[in-house]
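Input: a single structure, listed below in structure tokens.
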Amino acid sequence: MKITLGAVVKGGTSLDYKTGSWRDQRPVIHEDLCKACGQCEMVCPDNAVYVVDEVYIIDYDYCKGCGLCAYECPTDAIEMVPEEK
Amino acid sequence: MSHIQVVEGSEAVALAVKACRPQVISAYPISPQTHIVEWIAKMIADGELDTEYVRVESEFSAASVISGASATASRSYTASSSQGLLLMTEVLYASAGLRLPFVITGVNRAISAPISIQVDHQDTISLRDSGVIQFYVESSQEVYDTHIAAFKVAEDPKILLPVMVCMDGWILTHSYERVSFMEQEEVGSFLPPFQPVNFLDVNDPKTWGSYAEDDVLMEFKYAIHEAMQYAKGRIKEIFSELAMITGRDHGGLIEAYRTEGAEVILMAMGSMAGTVKEAVDELRSQGKKVGLVKIRCYRPFPFEDIWDVIKDTKIVGVMDANFSMGSEGAVATDLKAKLCGRPDAPLVLDFITGLGGREVNKGTIREIVQKAEEVLNSGLPLHEPHWVDLNPAILP
């Protein structure tokens with residue numbers, strides 16, 4: 001591999017790097033408690049919460065497990081579960 | 001063809017910048033700024049210059065704006081001074097790493113505290129390790145010509161680094177001198193439009209300054225050093241090319257003044273060099289073998305060119321208008337490091353001069369030469385820097 005002047009590389013490298021691997025705990029949404037208020041989507045610093053047909057899902061490829069969504073959830077519908085291998 | 005006018009040094013810079021047709025100029029117009037950005041603002045207001053003029057909220061932003069603009073393939077420029085340059089520091093290191101070729105005028109003024117607006121070189125010397133090429137100039141004419149060369153140096157495809165033209169505050173920025181200006185067509189043919197291979201483009205997205213781990217970071221830094229080394233030759237070519245057009249040759253990386261057969265050679269940067277030349281003429285007429293090496297390009301450090309001139313001399317007195325606290329002046333440090341290990345090397349004395357605008361006149365230079373001769377005659381080297389005109393009586 002040759003380096004480039006200014007470390008210029010093709011765009012969109014985040015598609016190749018799944019930063020979700022940094023996570024040591026994962027948010028799990030309990031759908032029975034979720035009121036679809038959207039707080040989690042708003043506070044996620046990685047844009048890793050999506051809405052599909054009014055159901056909130058987490059993109060584990062990019063969720064770093066910070067826990068902001070679980071902290072802000074007004075109905076405590078998000079649980080942080082330790083990642084284990 | 002050219003026209004001649006008496007202008008303020010700051011206006012000479014503004015007119016050089018205007019002739020280079022930058023597309024983006026940022027400005028933070030508060031102390032320690034100079035008239036440079038005011039003259040440019042007036043040119044834009046008068047419809048003489050069509051450019052994106054961005055008034056920012058700090059010098060950090062001033063540097064950031066031209067860094068971003070340069071990445072979009074826009075020729076970009078700003079001017080700052082003293083504390084303002086220090087606030088730009090982080091961005092300047094990053095811009096050199098991103099290989100963004102903008103031009104900055106670094107107006108030399110002392111660094112606080114205590115607060116001062118007078119000239120010395122501490123501000124720009126503090127940026128010497130950043131990867132920014134640094135020129136130092138002696139007169140308003142040289143400042144005009146050097147700015148026009150600076151864009152061409154920066155934008156050279158094998159260099160691609162920011163260039164800072166350092167000029168002494170007050171002495172150059174605020175005084176009026178006779179300056180000969182180039183015609184617009186001459187500048188246009190000397191400096192073609194800026195067309196980099198890589199630039200930010202929404203249709204072809206690229207990441208700039210992507211993350212570098214321990215397996216490649218050293219190579220990125222070495223590549224900047226290599227560009228600096230290459231620049232030494234290229235800068236001389238560009239200066240010569242400009243000299244052919246203007247008929248004014250200020251020298252290459254250095255200017256050697258009456259150094260033939262000199263036993264004592266002084267070394268200086270900036271407007272101080274003009275005073276040294278006057279003093280050298282007087283001393284030569286008294287039969288003293290004294291000369292001057294004026295450093296025009298400080299980074300890259302032009303040791304090879306300096307060596308060619310000083311190798312047969314006995315002693316070199318470096319006039320450092322800066323000081324590295326706890327050590328010595330920067331230029332003397334550079335020179336000593338390069339001379340170390342050469343058995344035939346001349347002695348180097350470090351003279352700390354002109355901090356905070358303290359006057360350096362012909363008398364000061366005669367004292368420096370006398371001190372150098374004393375060291376030469378006594379055979380006792382002076383290991384510590386000599387603070388010229390220091391008044392120990394008022395120390396706390």
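Bear in mind that the values here come from a model prediction, so they are computed numbers and not experimental data. Residue numbers start from 1 in every chain, and the chains themselves are labelled A, B, ... in the order their sequence lines are given, proteins ahead of strands.
In B:Glu219, the CD atom is crowded: over 12 heavy atoms of neighbouring residues, nucleotides or ligands sit closer than 6.0 Å. More than 12 heavy atoms of other shown residues, nucleotides or ligands fall within 6.0 angstrom of atom CD in B:Gln229. Residue A:Tyr17 qualifies as open at atom OH: its count of foreign heavy atoms under 6.0 Å is 12 or below. Other residues, nucleotides and ligands contribute only 12 or fewer heavy atoms inside 6.0 Å of the CG atom of B:Asp50. Counting heavy-atom neighbours within 6.0 Å of A:Lys18 NZ, excluding the residue itself, gives a total above 12. Atom CD of B:Glu304 is surrounded by more than 12 heavy atoms from other residues, nucleotides or ligands within 6.0 Å.
Remark: B:Met218 CE to A:Ile3 CD1 distance equals 11.5 Å, nearest 0.5 Å. Between B:Lys206 atom NZ and A:Thr13 atom OG1 the span is 14.0 Å, to the nearest 0.5 Å. Put simply, CG on A:Leu5 and CH2 on B:Trp208 are 9.5 Å apart, with the number rounded to the nearest 0.5 Å.
Looking at B:Pro196, neither its backbone nor its side chain comes within 4.5 Å of chain A, counting heavy atoms on both sides.
Contact annotation: the side chain of A:Met1 approaches that of B:Val216 to within less than 4.5 Å [non-hydrogen atoms, C-beta and beyond].
Of the possible polar contacts, one joining the B:Ser210 side chain to the A:Ala7 backbone as a donor-acceptor pair under 3.5 Å is found.
The two atoms that bring B:Thr207 and A:Lys10 nearest to each other are OG1-O, 3.8 Å, heavy atoms only.
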